[in-house]
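Numbers here simply count residues along the sequence, with the first being 1.
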Amino acid sequence: MQIIAWSIPGFILFIGLELLLARRRGRNVYHLPVALSDISCGITQQLFNIISFGLALAVYAWVYQFRLIEPSTAGVWLIGMIGVDFFYYWWHRASHEVNILWASHIVHHHSEDYNLAVALRQALFTNLSMVPFLLPLALLGVPPLVYAACKGINSLYQFWLHTELIGKLGRFERVFNTPSLHRVHHAVNPQYLDRNYGGIFILWDRLFGSHALEREPPIYGTTKPLRSLNPLWANFHYYFTIAGLAAGASRWRDRLHAIVAHPGWRPGQPSVTTTRDEPRYEVPTSPGLTRYILVQAALAIPATMLLVLHGLSLSPALRLAGVGLVAAGAIAWAGLLERHRWGWPLELLRLAGSLALLRVLFAGP
């Protein structure tokens with residue numbers, strides 16, 4: 001988690017460079033409300049990781065005491081880097097094929113744009129859902145800190161995959177994942193669905209039959225668009241979908257199956273592959289509101305970084321207050337952009353709470 005937190009300034013820098021380069025090429029790859037939604041999902045995930053990452057690492061460390069082998073230093077890193085990517089592939093594949101896992105992972109696929117900001121669009125429960133898939137590395141003797149570093153490096157590699165400005169990379173794509181191959185993964189074109197799950201390596205997809213090349217322009221998003229900018233709704237809406245599937249089933253067997261079924265499954269019907277025929281979700285914004293939210297986002301990003309890096313040095317009450325206020329801001333952006341009645345009340349309450357928290361943090365002895 002520390003690796004990702006320290007990388008946040010670099011992420012923002014490269015997003016800015018991508019935006020400038022796209023404009024120079026006459027490409028419109030960013031829509032501000034969508035990009036803000038992507039970033040707000042990244043902020044809420046990083047804040048939740050303050051709790052969930054420590055829990056996941058504690059589970060891994062407990063299993064590590066039962067390790068079966070003691071690799072050399074070089075062996076530990078080799079097993080760690082290749083193993084994280086191998087087991088990541090199976091977690092990623094299962095997250096597209098099992099409803100309860102897709103309920104978390106779908107957050108990363110909501111965006112109808114494809115740019116570096118999409119790489120930051122992550123789900124609250126990603127780390128927790130990944131834990132069971134990566135525990136074999138503990139039994140293979142990869143120490144917790146090496147495991148955390150390899151996992152962080154794997155995540156960092158995937159940042160650059162989320163861009164339309166880099167074309168195909170020839171022979172490199174035979175072994176490694178690239179933007180072209182990952183564009184396929186994010187597309188809803190029927191021939192692209194459920195393809196290219198690899199993190200760093202694309203070899204696993206070639207070995208296990210999930211590989212596809214980019215042959216026609218991808219259409220991004222999900223087959224049923226979210227049509228919301230709210231990071232909270234993005235993270236929880238599909239759990240309601242699963243509950244609806246279970247409630248609509250006439251047999252207990254189907255109600256239970258709804259949890260582990262493929263996302264295309266429907267009770268009493270064969271699985272279907274649908275194509276999206278809805279127009280993209282557009283939210284008109286005023287220049288004044290846009291500038292205001294950009295300023296708030298510019299403040300929320302370093303606040304998130306500081307909470308992730310130093311939040312544990314705060315008292316539990318102050319840490320919880322900081323996390324809650326920054327997360328409330330990310331949710332309030334959506335309310336303001338979508339003109340919900342609760343948007344400004346939440347934002348004003350957050351501002352008041354933030355001022356009160358700053359007074360406590362910087363009060364003299």
Side-chain angles (χ1 to χ4, degrees), residues 7 10-11 13-31 34-35 38 41-42 81-82 84-97 102 105-123 126 153-223 225 273 275-276 280:
S7 302
F11 294 156
L13 173 63
F14 280 109
I15 287 172
L17 290 174
E18 182 189 35
L19 179 60
L20 292 175
L21 182 58
R23 286 184 175 178
R24 181 171 294 181
R25 294 183 182 181
R27 301 282 300 277
N28 185 22
V29 299
Y30 276 91
H31 295 81
V34 178
D38 296 338
C41 286
M81 288 302 301
I82 295 176
V84 162
D85 203 68
F86 176 76
F87 292 116
Y88 171 87
Y89 168 88
W90 289 108
W91 165 82
H92 199 181
R93 183 165 182 164
S95 293
H96 280 253
E97 297 178 352
W102 177 238
H105 185 61
I106 191 175
V107 178
H108 183 57
H109 285 267
H110 282 139
S111 178
E112 296 179 72
D113 291 336
Y114 192 77
N115 49 51
L116 292 176
V118 175
L120 308 185
R121 186 183 182 91
Q122 299 293 332
T126 293
I153 293 168
N154 192 281
S155 296
L156 282 179
Y157 179 89
Q158 294 182 56
F159 176 74
W160 79 288
L161 302 179
H162 298 81
T163 183
E164 292 188 276
L165 302 187
I166 298 176
K168 297 187 177 184
L169 297 178
R171 293 183 178 180
F172 187 77
E173 296 188 350
R174 295 182 182 180
V175 177
F176 296 99
N177 203 1
T178 66
S180 174
L181 294 170
H182 202 59
R183 287 193 290 268
V184 168
H185 177 72
H186 274 260
V188 295
N189 311 49
Q191 69 273 32
Y192 290 161
L193 290 175
D194 299 336
R195 293 290 183 266
N196 297 355
Y197 297 112
I200 294 176
F201 301 108
I202 204 66
L203 285 173
W204 317 124
D205 292 283
R206 296 171 69 92
L207 285 171
F208 300 114
S210 54
H211 179 258
L213 295 173
E214 183 183 27
R215 300 189 184 278
E216 66 176 50
I219 301 170
Y220 303 111
T222 50
T223 55
T273 298
T275 56
R276 191 178 66 215
R280 68 172 291 130

Report the C-alpha distance between H110 and V34 in whole Å, list the side-chain angles of each, state the deciding distance to 0.1 Å, and finish with yes or no for side chain to side chain contact (heavy atoms under 4.5 Å, CB included). CA-CA 10 Å; H110 282 139; V34 178; over 6 Å; no
Pairs involving residues 174-189, ordered by first then second residue, that meet salt bridge (Lys or Arg N to Asp or Glu O under 4.0 Å) (sequence neighbours left out): R183-E214
Inter- and intrachain pairs under salt bridge (Lys or Arg N to Asp or Glu O under 4.0 Å), touching residues 190-205, at least two apart: none
Mind checking whether [X] and [Y] have side chains closer than 4.5 Å, heavy atoms only?
| X | Y | value |
| --- | --- | --- |
| F201 | V175 | yes |
| I15 | L19 | no |
| F172 | I202 | no |
| N177 | Y197 | no |
| F176 | L161 | no |

State whether the side chain of [X] and the backbone N or O of [Y] hold a donor-acceptor pair below 3.5 Å, judged by distance alone.
| X | Y | result |
| --- | --- | --- |
| H162 | V118 | no |
| D85 | N154 | no |
| E18 | N115 | no |

Which residues share a salt bridge (Lys or Arg N to Asp or Glu O under 4.0 Å) with R206, sequence neighbours left out: none
Under the rule for salt bridge (Lys or Arg N to Asp or Glu O under 4.0 Å), what residues qualify as partners of R93, not counting sequence neighbours? E97
With sequence neighbours excluded, tell me which residues meet ring-ring contact (aromatic ring centres under 6.0 Å, His included) with F14.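 Per chain and number, F14 pairs via ring-ring contact (aromatic ring centres under 6.0 Å, His included) with no residue.
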Mind telling me whether [Y] and [X] have parallel, tilted or perpendicular rings, with 30° and 60° as the class edges?
| X | Y | value |
| --- | --- | --- |
| H186 | H108 | perpendicular |
| H109 | H96 | perpendicular |
| H92 | H182 | tilted |

What are the two closest heavy atoms between [X] and [Y], and how far apart are they?
| X | Y | value |
| --- | --- | --- |
| E173 | L169 | OE2-N, 3.0 Å |
| L156 | S7 | CD2-OG, 3.3 Å |
| T163 | P179 | O-CB, 3.7 Å |
| D38 | A117 | CB-O, 3.5 Å |
| G221 | V188 | O-CG1, 3.1 Å |
| L181 | N196 | O-ND2, 2.8 Å |

Compute the ring centroids of W204 and Y88, then answer whether they are less than 6.0 Å apart. no
Could you state the interatomic distance from OH (Y89) to CG (L203), rounded to the nearest 0.5 Å?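 Those atoms lie 11.5 Å apart.
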How many angstroms lie between atom CD1 of I200 and atom CD1 of I153, to the nearest 0.5 angstrom? 7.5 Å
Pairing residues for Y192 by the side-chain hydrogen bond (donor to acceptor under 3.5 Å, both in side chains) criterion, not counting sequence neighbours: none
Checking F159 against L116 for the side chain to side chain contact (heavy atoms under 4.5 Å, CB included) test, could you report, in this order, the C-alpha distance in whole Å, the side-chain angles of both residues, the deciding distance, and whether it holds? CA-CA 7 Å; F159 176 74; L116 292 176; 3.8 Å; yes
R215 vs Q191, test: side chain to side chain contact (heavy atoms under 4.5 Å, CB included). Steps then yes/no. CA-CA 10 Å; R215 300 189 184 278; Q191 69 273 32; over 6 Å; no
Any side-chain donor paired with an acceptor under 3.5 Å for E216 and N189? yes
Can you tell me if R23 has over 12 outside heavy atoms packed within less than 6.0 Å of its CZ? no
